[in-house]
Amino acid sequence: MNSTLQPLWQRSFFQKRRNHRRDEALHHDTSADRGALLEALIGVLPLPIFFKDLHGRYVGCNKVFEDLLGRSRDEIIGNTDFDLSSTQLAEIYSIEEKGLLERGGAQVSERKIALANGAILDVVCNKAVFRGHDDEPAGLIGVIIDITEHKLAEQELKNALELAQGIVTAIPDVLFEVDEDGRYLQVWTRNPELLAQQREMLLGRTVDQVLAPDQAAIAMEALRTASSEGVAYGRCISVSLPNGETRWFELSVARRPSADPDAATTLLAFSRDVTERRQAEDAINSVRTQLLSVLQTIPDMVWVKNVDGVHLLCNHAFERLTGKSEAEVVGKTDLELFGAERAHISGKSDEATIEAGGILIDENWVVSPENGQSILLETRKLAVLGAGGEVTGVLGVSRDVTELNASREKIRQMAFYDPVTSLPNRLLFNERLQKVVSDASSQRRRTGVMLIDIDHFKVVNDTMGHPVGDQLLCQVATRLKKSVRDLDTVARLGGDEFAILLPEIQTTDDLDWVACSILERFKESFLLDGKEVYVSCSVGIAISPDDSTDVNDLVKYADSAMYLAKRSGRNSFRFYSKDLTVGVEERMQLESELRRAIEREELELHYQPKVLLDSGVMIGSEALLRWPHPEMGMIPPVRFIPVAEDTGLIVELGRWVLREACKTAKELNADCHHLHKIAVNLSGKQFQCSRLVNEIAAILGETGCRAEWIEIEITESLLLDRKGETLQTLLKLRQMGFSIAIDDFGTGYSALNYLARFPIDTLKIDRSFINSSDKRNEELVKAILSIAQCLGQDVVAEGVETAEQAAFLAANGCGSAQGFFYSKALPKMELIALWVRASATGFVSDRYAASR
């Protein structure tokens, strides 16, 4: 129907319907928008906000409220306070909220709440009723405000006001407030009799009008200082009181702080009555003057310090000790007068004096400022007590006992020391031996006793004279002291007989080493009367408690062992035993044989091939020292290497091994088609030589060998060097072109940080891990391979004897191996032949090729 033909009422009706629908849609959209807006608004507010319905159930909250309760939104919405809080609190909240819903409006309450973390907060809770579309109460909205800090501040302010009031009431002194002109603005005191005038007469008057001119000037100077600098302390004035008495007061003045920058400056003056103190000081000064007059006549050094170590007085003798006048000493500490070291010693002595409660005597060396010479002071100290019995300081008296001490030392030297060698004599040696053996018995420690006798000493005396014999004794004493530790005692018992006391011995090998060291030092010539003389010695050893715990028996047993050494040919040592052990004789024989073997060049090098596990290609070999004895046959390294280590022969042997290996490496790498790297073991004793790198460089130059043809093998124990010398040596060797390997890895002091710090190229897995039926060793091998892979290091497995072992190693990423499965250690010419054959066939042996 045409709208123009519709009756007016119809057009109005349809128009209203359309408007109504539009309003409903608009209202719906607006409500949704408002809800979203409200949700976003409370979400960003920093205050905890919550909504509850008429039944007390939570219907909404923001994130801050969740954090406050320590619960998630899902745990809060739909629950009441009875679900979330204690029953007591929930009942309180319920009663409050029912009353609020009945009367409408808002409610503000203050309370303490406990957080989820246990903290207690003071808060203000604001709650209000919100209404629905029908203007009826629909629920509550709440906002929580933390007022904890505000409450604390209120309490602190209250406490501060109470404290200030208590201080003003409690102090026995006078507090003034004055302006910059010295005008009294306020007066506080509980003792008005200390005021120069009555309080009412002081207010409004100035300092100049109240005090005597000279005293007013002092007070005004303090006020001006405090006005400009903030504070002024220590000025004293005398005040004439109304009762005719004159008393002394100490002023402490401070500028009064103010938050108002435009406020006038006022000052607070604290006036303390120090009359009694002044009188006491005057009395003390009088006594002090008398005391100092007496002290100046005393030749000993006298001083007094307070409990803080500050010098209060001293006499002329002490002035000479310090090189300073009394005025320069008083008020100073020992640190300022003598320096840190002496001040520390003196401070400890002062503390001990105070604790002792009596006279404490000690001695210490000081340097005289007059002539720079050291003098020994005997110091007697006594704690100074106050009237109440408390310690107020320390009195000290020092006496120069340098000459007396020299006399005492001379007497002691004559009683306990040998006049020729200055070593302890028999008496002092026996005293020390007795003490060490007694202590060792209680602590279950071993002690060694050595007796050393110079072989054919009588010949030297008879042919060169007794003065030359005394020279020999002195040189022997020096060599013996260089052979032992600082804690050991070297003594001369008489004639050409010496003794050594060695406490805290771990094993007999320690004594073995010391004895060998002594014999080695005696191999060097003695320079006597301008001539080189060779003299040997014989050493006897007894051990406590193994042999005896009786001092006399130990000396006797060591003496018996020493004579047995003489009977055995001299220039040797023997342990005391009813029947000298075969092991000691065998070791000494082996040492002698080894020395001769080195002289006769009986030792030789064998080389054990090293191959790649995945291809069997021979890539190098390890140089191994062998000793084919003409009578005893092939002596295994495990027998003679420890002897070489103990005697120091290993250093000479190590140089020979490296030189021979370098010669062989040059021959094997002459064609330069395939690299053959020879691994050479270096001993820890070689690393102790500061010239090791230079010696190795010299060997390279001598043999024409290149560093990349040699791999240096070291043991894990070398990595424990804490001084960094080993690390520096290895770095220099790496820079020269050598590769570095750790031999027998896993059997020593393994530590991952050493592998990262040191320039290690290769890890050699010890044969004990390879030739083991224990499955756990397989896991250890895997772990070592994994570590090496992570650190970018090569791995060589030692002692491979079966195809199964080789397959296991190859499957787990091991690069190369050596062992009887491939070849035993070969003499040089056989190795060269094998290298030529392996270069042609690609395999180290036919046996390995067959297994492929």
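Just so you know, these numbers use all the heavy atoms, side chains as well, and skip hydrogens, waters and symmetry mates. Just so we're clear, the structure is a prediction, and the values are computed from it rather than from any experiment.
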Practice prompt. Assess whether side-chain contact (heavy atoms from CB on, under 4.5 Å) is satisfied between Ser823 and Met618, documenting all intermediate values.
Written response: CA-CA 11 Å; Ser823 173; Met618 182 177 177; over 6 Å; no
Sub-3.5 Å donor-acceptor pair from the side chain of [X] to the main-chain atoms of [Y], do we have one?
{"X": "Asp488", "Y": "Arg485", "answer": "yes"}
{"X": "Ser517", "Y": "Trp513", "answer": "no"}
{"X": "Gln686", "Y": "Ser683", "answer": "yes"}
{"X": "Arg734", "Y": "Gly737", "answer": "no"}

Item to complete: Just say parallel, tilted or perpendicular for the rings of Trp835 and His674, cut-offs at 30° and 60°.
Response: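 It falls in the perpendicular class, over 60°.
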Considering residues, nucleotides and ligands other than [X], do more than 12 of their heavy atoms fall under 6.0 Å from its [atom1]?
{"X": "Met829", "atom1": "CE", "result": "no"}
{"X": "Gln789", "atom1": "CD", "result": "no"}
{"X": "Lys782", "atom1": "NZ", "result": "yes"}
{"X": "Lys732", "atom1": "NZ", "result": "no"}

Counting C-beta onward and ignoring hydrogens, is there a side-chain heavy-atom pair between [X] and [Y] closer than 4.5 Å?
{"X": "Ile678", "Y": "Cys662", "result": "no"}
{"X": "Asn669", "Y": "Leu675", "result": "yes"}
{"X": "Leu423", "Y": "Leu480", "result": "no"}
{"X": "Ile832", "Y": "His676", "result": "no"}
{"X": "Glu801", "Y": "Asn771", "result": "yes"}
{"X": "Asn777", "Y": "Leu780", "result": "yes"}
{"X": "Ile740", "Y": "Phe758", "result": "no"}
{"X": "Val514", "Y": "Ile541", "result": "no"}

For the residue pair [X] and [Y], what are the closest heavy atoms and their distance?
{"X": "Phe745", "Y": "Phe769", "result": "O-CE1, 3.6 Å"}
{"X": "Cys705", "Y": "Ile710", "result": "SG-CG1, 3.8 Å"}
{"X": "Leu603", "Y": "Trp656", "result": "O-CH2, 3.4 Å"}
{"X": "Gly469", "Y": "Val460", "result": "CA-CG1, 4.4 Å"}
{"X": "Arg626", "Y": "Pro637", "result": "NH1-CG, 3.5 Å"}
{"X": "Phe575", "Y": "Asp512", "result": "CZ-N, 4.0 Å"}

Item to complete: Could you give me the CA-CA distance, side-chain angles and deciding distance for Ile784 and Val781, then say whether side-chain contact (heavy atoms from CB on, under 4.5 Å) is met?
Response: CA-CA 5 Å; Ile784 295 172; Val781 171; 5.6 Å; no
From [X] [atom1] over to [Y] [atom2], what is the distance, rounded to the nearest 0.5 angstrom?
{"X": "Phe498", "Y": "Thr421", "atom1": "CZ", "atom2": "OG1", "value": "5.5 Å"}
{"X": "Leu613", "Y": "Gln805", "atom1": "CG", "atom2": "CD", "value": "11.0 Å"}
{"X": "Met464", "Y": "Leu472", "atom1": "CE", "atom2": "CG", "value": "9.0 Å"}
{"X": "Tyr822", "Y": "Leu834", "atom1": "OH", "atom2": "CG", "value": "13.5 Å"}
{"X": "Ser621", "Y": "Leu668", "atom1": "OG", "atom2": "CG", "value": "6.5 Å"}
{"X": "Asp470", "Y": "Gln475", "atom1": "CG", "atom2": "CD", "value": "11.5 Å"}

Distance-only donor-acceptor check, side chains [X] and [Y], under 3.5 Å:
{"X": "His606", "Y": "Gln608", "result": "no"}
{"X": "Thr489", "Y": "Arg432", "result": "yes"}
{"X": "Ser483", "Y": "Arg521", "result": "yes"}
{"X": "Asp453", "Y": "Ser538", "result": "no"}

Could you point out which residue of [options] forms a salt bridge (charged side-chain N to carboxylate O under 4.0 Å, His left out) with [X]?
{"X": "Arg659", "options": "Glu702, Glu695, Glu652", "value": "Glu702"}
{"X": "Arg446", "options": "Asp439, Asp546, Asp510, Asp547", "value": "Asp546"}
{"X": "Lys610", "options": "Glu711, Glu798, Glu622", "value": "Glu711"}

Worksheet entry | Steps toward side-chain contact (heavy atoms from CB on, under 4.5 Å) verdict (Leu501, Thr447) | CA-CA 8 Å; Leu501 171 61; Thr447 301; 3.5 Å; yes
Item to complete: Give a yes or no on whether a salt bridge exists between Arg445 and Glu504, defined as a side-chain N under 4.0 angstrom from a carboxylate O.
Response: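 Salt bridge present between Arg445 and Glu504.
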Worksheet item: When you check the gap from the basic side-chain N to the acidic O, do Glu520 and Arg595 get nearer than 4.0 Å?
Response: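 Between Arg595 and Glu520 there is a salt bridge, with a charged N closer than 4.0 Å to a carboxylate O.
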Item to complete: Can you spot which of Asp761, Thr715, Ile760 makes a side-chain contact (heavy atoms from CB on, under 4.5 Å) with Ile742?
Response: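 Among Asp761, Thr715, Ile760, the one that satisfies the side-chain contact (heavy atoms from CB on, under 4.5 Å) with Ile742 is Ile760.
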Worksheet entry | Qualifying residue for side-chain contact (heavy atoms from CB on, under 4.5 Å) with Phe640, from Leu625, Leu649, Ile650 |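 Among the candidates, only Leu625 passes.
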Worksheet item: Just one of Glu708, Glu713, Lys677 clears the side-chain hydrogen bond (donor to acceptor under 3.5 Å, both in side chains) bar with Ser739, so which one?
Response: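 Of the listed residues Glu708, Glu713, Lys677, the side-chain hydrogen bond (donor to acceptor under 3.5 Å, both in side chains) partner of Ser739 is Lys677.
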Practice prompt. Output, in order, the C-alpha distance, side-chain angles, deciding distance and verdict of salt bridge (Lys or Arg N to Asp or Glu O under 4.0 Å) for Lys828 and Glu660.
Written response: CA-CA 10 Å; Lys828 176 180 176 179; Glu660 293 299 312; 5.6 Å; no
Worksheet item: Would Asn461 and Asp496 satisfy side-chain contact (heavy atoms from CB on, under 4.5 Å), going step by step from the backbone distance to the final call?
Response: CA-CA 10 Å; Asn461 269 343; Asp496 63 333; over 6 Å; no
